[in-house]
Amino acid sequence: MSSEVVARRDAKKLVRSPSGLRMVPEHRAFGSPFGLEEPQWVPDKECPRCMQCDTKFDFLTRKHHCRRCGKCFCDKCCSQKVALPRMCFVDPVRQCGPCALVSHKEAEFYDKQLRVLLGGATFLVTFGNSEKSETMVCRLSNNQRYLLLDGDSRYEIDFAYISTVQILTEGFPPGGGNARATGMSLQYTVPGVEGVTQLKLTAGEDANASRRQSTAWLVAMHKAAKLLYESRDQ
């Protein structure tokens, strides 16, 4: 893929919305699959009272809209300003209590796990029912839109066409705890091609830094899949 095409995919622009400044993709088609659309604000005339504590709005009690859900609240119920990268806001924005809690939980993905996905990891990759596997580096593209697989051959899978993601695990560690992630199975469609393609990623057996990196990548991918499904259900 030419550098010009890559630059076009990753290009962004600064826009101003009623909720604040946003750094969005220049071309909507290349937006992050984890993103959320800005909600429609509940019209002022339809919310004479706070939608959480039922306080009546007046000259002293102002109304505020949560940037994540669009509902109307008093300052006490909507005072937190929290980062909201899923809507591409440049700065932290005002959110109600429940929405702020969700945004705080998502911060771990954007602060830690997204970096792991962008950094990539090495896996044995198997397509469909093939008995042949190829060692490839798997990573997320900079615009978070594509799953890139690099080895002797190269593949690019659009997240928008991934239908199923399943993390493969084995056993339980001594003393209890969670099962260890060993691989991932995913299904996706290819535009213009009938049927569903299956892909399996398997982490290497060596217990070194490479294996730990692969395991961390799988855990991050599991979280990414949850965000992907949430975005589709919006």
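Pairing each heavy atom of Leu218 with each of Gly183, the nearest pair is CD1-N, 3.4 Å. What you find for Ala181 and Thr169 is that their closest heavy atoms are CA-CG2, 4.1 Å. Minimum heavy-atom separation, Met51 to Val42: SD-CG2, 4.3 Å. Among all heavy-atom pairs drawn from Ser103 and Arg68, the shortest one is OG-NH1, 3.0 Å. The minimum heavy-atom distance linking Ser19 with Val93 is given by the pair O-CG1, 3.9 Å. The heavy-atom pair separating Gln144 from Ser32 by the smallest distance is OE1-OG, 2.8 Å.
Proximity of Ile162 to Ile157: side-chain heavy atoms (C-beta onward) are separated by under 4.5 Å at one or more points. Residues Leu117 and Trp217 are in side-chain contact: their nearest non-hydrogen atoms beyond the backbone lie under 4.5 Å apart. In this structure, Thr189 and Thr197 have side chains that are not in contact, with every pair of non-hydrogen atoms separated by 4.5 Å or more. Gln80 has its side chain out of reach of Cys99: every pair of non-hydrogen atoms, C-beta onward, lies at least 4.5 Å apart. Counting heavy atoms from C-beta on, the side chains of Lys56 and Thr61 never come closer than 4.5 Å. The side-chain heavy atoms of Leu168 and Lys200, taken from C-beta on, include a pair separated by under 4.5 Å. Lys226 is not listed as a side-chain neighbour of Val165, based on a closest heavy-atom distance of 4.5 Å or more.
Going from atom OG of Ser141 over to atom CG of Leu118 covers 8.0 Å, rounded to the nearest 0.5 Å. The structure places CZ of Phe57 at 8.5 Å from CG of Asp44, a figure rounded to the nearest 0.5 Å. From Met221, atom CE reaches atom CD of Gln113 across 12.0 Å, with rounding to the nearest 0.5 Å. Atom CZ of Arg67 and atom CE of Met87 lie 11.0 Å apart (nearest 0.5 Å). The distance from the CD1 atom of Ile167 to the NZ atom of Lys223 is 13.0 Å, given to the nearest 0.5 Å. In this structure, the separation between OG1 on Thr164 and CG on Leu199 is 12.5 Å, given to the nearest 0.5 Å.
The number of heavy atoms from other shown groups lying within 6.0 Å of CG (Asp54) is above 12. In the displayed structure, Lys63 atom NZ is contacted under 6.0 Å by more than 12 heavy atoms of other residues, nucleotides or ligands.
Side-chain atoms of Arg86 come within 3.5 Å of backbone atoms of Leu227 as a donor-acceptor pair (strictly under, hydrogens ignored). Looking only at distances, no side-chain donor or acceptor of Glu156 sits under 3.5 Å from a matching main-chain atom of Tyr146.
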Inset, instruction - Please report the C-alpha distance between Phe34 and Tyr110 in whole Å, then the side-chain angles of each, then the deciding distance to 0.1 Å, and finally whether the ring pair (Phe, Tyr, Trp, His ring centres under 6.0 Å) criterion is met. - result: CA-CA 10 Å; Phe34 312 126; Tyr110 282 92; 7.4 Å; no
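Checked for salt-bridge contact, Arg22 and Glu38 meet the test: a charged N lies under 4.0 Å from a carboxylate O.
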